[in-house]
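Shown next, in structure tokens, is the structure this report addresses.
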Amino acid sequence: MPELPEVETIRLGLLGRVCNKRIERVEIRCHRIILRPQPREMAAALGGQMIRDIQRRGKFLLFQLDDYRLLVHLGMSGQLTYWDQTQRDDQRFFTTVTGLQQARQHAVDKHTHVSLYFDDGNAMHYRDIRQFGKWRLYRTEAFDEAREFLQLGLEPLDKGYTLSRFMESFRGRKLRIKSLLLNQNFVAGVGNIYADEALFEAGIHPERFVHSLSIEEKQRLFRAIPKVLRRGLKHGGTSFQNYFNADGEAGTNQETLRVYGREGGKCHRCRTPIVRIVVSQRGTHFCQRCQPAKRK
DNA sequence: AGTAATCCCTGGCAGC
DNA sequence: TGCTGCCAGGGATTAC
């Protein structure tokens with residue numbers, strides 16, 4: 001479940017690997033994940049293009065090519081890894097060890113849906129077990145058509161993330177705060193893990209309706225969001241199931257999580273057992289004492 | 001328009 | 001042991 005810190009970690013890893021490399025050949029094996037344009041057309045368009053830069057917006061990766069912009073969303077289980085022709089493929093990729101897959105460089109398998117082969121003999125593999133990922137290719141001059149991208153909300157680690165804009169984003173909302181945090185049009189890049197972590201950090205119950213939040217609570221949330229995201233980034237992302245960086249390595253942020261995935265475990269702050277409920281069809285973890293249901 | 005529910009998909013796991 | 005059924009979850013789509 002790659003969220004902002006995971007996507008950013010992948011971006012940083014890929015920057016030094018695939019930038020300024022020319023795509024010689026593209027293999028698209030699963031057609032489901034490619035929405036636009038059709039696979040044959042996408043493969044043909046990518047051939048001969050050089051990757052000039054890689055940017056990120058929310059959970060989207062944005063590859064700047066000579067004539068195109070390639071938008072990649074990793075969905076639930078997407079992996080983008082670099083393949084070095086001088087290194088040996090690691091078969092341990094497919095084994096489970098203490099609940100966590102071990103991975104390095106891997107050969108093409110049944111879940112490797114796209115491969116970009118560069119003219120220097122190396123490659124970049126896209127692997128996506130659950131196939132929720134999306135690739136979209138736009139001609140640079142037609143990028144305005146990427147509405148799902150342009151409607152994204154505040155970028156929480158950028159300078160434009162200000163308290164006034166954050167407060168503005170609450171206007172007219174009448175839903176639970178956890179639901180709002182998962183909405184990419186509010187703050188981009190926050191997913192289920194970091195939403196729970198941010199709410200714990202801010203001391204806010206996930207089922208609170210946003211119009212009931214005090215100014216102080218919103219201010220705490222405003223600060224908590226980038227705090228937990230930066231912590232995730234610092235630890236190379238959270239590896240629970242299928243997330244690996246561009247070199248196929250797991251992150252370690254799962255060891256620093258305060259509430260997510262810790263049902264029954266003791267709250268680091270008050271020792272109360274962490275509770276798991278369902279909000280917006282998503283597993284939601286919180287401390288009943290540190291995140292009270294009603295405002296004091 | 002804003003919100004809630006449904007669906008997509010596979011691997012892992014509990015239960016028998 | 002092997003089968004069945006359920007669950008996880010981002011976001012597009014549909015329904016209201």
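A note on names: the letters A, B, ... follow the listed sequences, proteins ahead of strands, and every chain is numbered from 1.
- Between A/Phe222 and A/Tyr161, the ring-plane angle classifies as parallel under the 30° and 60° cut-offs.
- Rounded to whole angstrom, the span from the NE2 atom of A/His73 across to the P atom of C/dG9 amounts to 15 Å.
- Residue A/Asp196 contributes atom CG, which lies 9 Å from atom P of C/dG9 at whole-angstrom precision.
- Contacts classified as side chain to side chain donor-acceptor pair (under 3.5 Å) and involving residues 40-54 of chain A (residues at least two apart or in different chains) are given here: A/Gln49-A/Asp67, A/Arg52-A/Asp66.
- In this model, the phosphate group of C/dA8 is approached by a side-chain N or O of A/Arg276 to a distance below 4.0 Å at OP1 or OP2.
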Grab the N/O contacts between the protein and nucleotides 12-16 of chain C below 3.5 Å, and write none if there aren't any.
none

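- The CG atom of A/Asp128 sits 11 Å away from the C1' atom of C/dG10 (whole-angstrom rounding).
- Checked against side chain to side chain donor-acceptor pair (under 3.5 Å), A/Arg262 has no partners two or more places apart in sequence or in another chain.
- The distance between the ring centers of A/Phe63 and A/Tyr68 does not fall below 6.0 angstrom.
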Base-contact (B) and sugar-phosphate-only (S) positions in nucleotides 3-10 of chain B, heavy-atom cut-off under 4.0 Å, - elsewhere
SSSB-BBB
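- Looking at A/Glu24 and A/Arg22, no side-chain N of the basic residue comes within less than 4.0 Å of a carboxylate O on the acidic one, giving no salt bridge.
- Ring geometry for A/Tyr138 against A/Phe143 counts as perpendicular: the plane angle is over 60°, on a 0 to 90° scale with 30° as the lower cut.
- Each end of the helix from B/dG2-C/dC16 to B/dC16-C/dG2 gets its own axis from five base pairs, and the two axes differ in direction by 40°, given to 10 degrees.
- Aromatic rings of A/Tyr126 and A/Trp135 (six-membered ring for Trp) have centroids within the 6.0 Å cut-off, being under it.
- By the 4.0 Å N-to-carboxylate-O rule, A/Arg165 lies too far from A/Glu168 to be salt-bridged with it.
- Between A/Lys59 and A/Glu8 there is no salt bridge, since no side-chain nitrogen of the basic residue lies less than 4.0 Å from a carboxylate oxygen of the acidic one.
- Atom CG of A/Leu181 is separated from atom C1' of C/dG9 by 16 Å (rounded to the nearest Å).
- Between the C1' atom of C/dA8 and the CD1 atom of A/Ile193 lies a distance of 11 Å, rounded to the nearest Å.
- The shortest distance between the side-chain N/O atoms of A/Tyr260 and the OP1/OP2 oxygens of C/dG9 is below 4.0 Å.
- Following rounding to the nearest Å, A/Phe170 (CZ) and B/dG2 (C1') show an atom-to-atom distance of 16 Å.
- Within the structure, the side chain to side chain donor-acceptor pair (under 3.5 Å) test picks out the following pairs touching residues 268-286 of chain A (sequence neighbours left out): A/Lys178-A/Thr284, A/Ser179-A/Ser280, A/Asp196-A/His285.
- Remark: A/Arg56 engages A/Glu155 in a salt bridge, criterion side-chain N to carboxylate O under 4.0 Å.
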